[in-house]
Amino acid sequence: MKESGLISMDLRQFLTCLSLCTAFALSKPTEKKDRVHHEPQLSDKVHNDAQSFDYDHDAFLGAEEAKTFDQLTPEESKERLGKIVSKIDGDKDGFVTVDELKDWIKFAQKRWIYEDVERQWKGHDLNEDGLVSWEEYKNATYGYVLDDPDPDDGFNYKQMMVRDERRFKMADKDGDLIATKEEFTAFLHPEEYDYMKDIVVQETMEDIDKNADGFIDLEEYIGDMYSHDGNADEPEWVKTEREQFVEFRDKNRDGKMDKEETKDWILPSDYDHAEAEARHLVYESDQNKDGKLTKEEIVDKYDLFVGSQATDFGEALVRHDEF
């Protein structure tokens, strides 16, 4: 998608956040553009508990939070870890299950998403009623440009608005065209929600399918990630992508990718690192081997979760209010 020279900075930021296609800005001819949504690694540290628990700390808190551990004493660490445990125990039954711990780890790893939503929420909940309607969003994002639906630069705001409205309706589970914060999060970051994955696939196919036949052929696939730009020789990675398309992407060998093949490409079923880490933490801390953890069991193994120093959990607790 080309950015308009006339578009305002605020509007450009909104559109960049909201349209998946803008996440894949035009690449230099020799650079690869990647549309695949992978689950991020929990840590760049080596997972070897015999040497250190650094990987576990990054996984449990997120790498940025984990960096501030040396600010607190072990006693403060235990106290604040106990507060975190109370947040993780979603059903308040006094136990932390593997699923609850997995959900917490995923929250910690994707905290930036919730921070992004918080920033945008303030600019879109115009009447401050704790909800964002489609009308509020449309007016805040497209407002003045709708007065000139056919600008001189050819940037099609109306087409983008129609696309955003379709995604908003998909995120809005009850169909009232009013989004809760969770629904607004699904709208802004659809790749993070199972029920939004079809719209991610649809938008991706619309971006790449230049002849509008409902499929992605080999040249459309390559053309989306690489521009020849007058160069006769393709880089090796482009040749490799051609082979990937023929051998793996186009599963039924009909020369093009349909919706399911596109979904398998951009939304692969990755190994669930969060679940594996949750099971590891439970196994290492579960003293009575009942398959779940009490607050006492977690705090007793605080060095595994948060180390001998701890982070500023106050901020983490505030951010977790929407968890």
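Positions are given from 1 along the sequence.
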Would you say the side chain of [Y] lies within less than 4.5 Å of the side chain of [X], judging by non-hydrogen atoms?
X      : Y      : result
Tyr226 : Glu241 : no
Thr204 : Lys263 : no
Arg166 : Gln202 : yes
Asp224 : Glu220 : no
Phe305 : Leu81  : yes
Leu281 : Ile105 : yes
Asp49  : Leu304 : yes

Hey, could you give me the [atom1]/[atom2] distance between [X] and [Y], rounded to the nearest 0.5 Å?
X      : Y      : atom1 : atom2 : value
Glu136 : Asn127 : CD    : CG    : 4.0 Å
Glu203 : Arg35  : CD    : CZ    : 10.0 Å
Ser43  : Leu61  : OG    : CG    : 11.5 Å
Ile199 : Arg167 : CD1   : CZ    : 7.5 Å
Leu131 : Leu126 : CG    : CG    : 12.5 Å
Asp300 : Lys295 : CG    : NZ    : 12.5 Å

Can the ring centroids of [X] and [Y] be said to lie less than 6.0 angstrom from one another?
X      : Y      : result
Trp112 : His189 : yes
Tyr114 : Phe107 : yes
Trp265 : Phe248 : no

Is it true that [X] and [Y] make a salt bridge, defined as a side-chain N closer than 4.0 Å to a carboxylate O?
X      : Y      : value
Lys169 : Glu165 : yes
Glu261 : Lys256 : no
Glu219 : Lys210 : no
Glu277 : Lys106 : no
Glu135 : Lys138 : yes
Glu75  : Lys78  : no
Arg279 : Glu275 : yes
Asp194 : Lys197 : yes

| query | If you draw the axis of the six-membered ring of Trp121, does the NZ or CZ of Lys181 fall within 45° of it and under 6.0 Å from the ring centre? | reply |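 Judged by the rule (NZ or CZ under 6.0 Å from the ring centre, within 45° of its axis), Lys181 counts as positioned above Trp121.
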| task | Please say whether the positively charged group of Lys292, taken as NZ for Lys or CZ for Arg, lies over the ring of Phe95, i.e. under 6.0 angstrom from the six-membered ring centre and within 45 degrees of the axis. | result |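 Yes; both conditions hold, so Lys292 lies above the ring face of Phe95.
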| query | Val282 and side chain to side chain contact (heavy atoms under 4.5 Å, CB included): which partner among Ile298, Leu293, Asp290? | reply | Leu293
| task | Using the six-membered ring wherever Trp is involved, compare the ring planes of His47 and His280 and label them parallel, tilted or perpendicular (cut-offs 30° and 60°). | result |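 Answer is perpendicular, since the angle exceeds 60°.
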| Phe184 vs His124 aromatic rings, parallel, tilted or perpendicular, using cut-offs 30° and 60°? |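 Rings of Phe184 and His124: tilted, as their planes differ by 30° to 60°.
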| query | When you measure from the side chain of Asp172 to the backbone N and O of Asp176, does any donor-acceptor pair fall under 3.5 Å? | reply | yes
| request: Using salt bridge (charged side-chain N to carboxylate O under 4.0 Å, His left out) as the criterion, list what pairs up with Glu192, not counting sequence neighbours. | output: Lys110
| message | Side chains of Glu79 and Tyr302 only: does a donor on one sit below 3.5 Å from an acceptor on the other? | response |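 Per modelled atom types, Glu79 and Tyr302 side chains form no pair under 3.5 Å.
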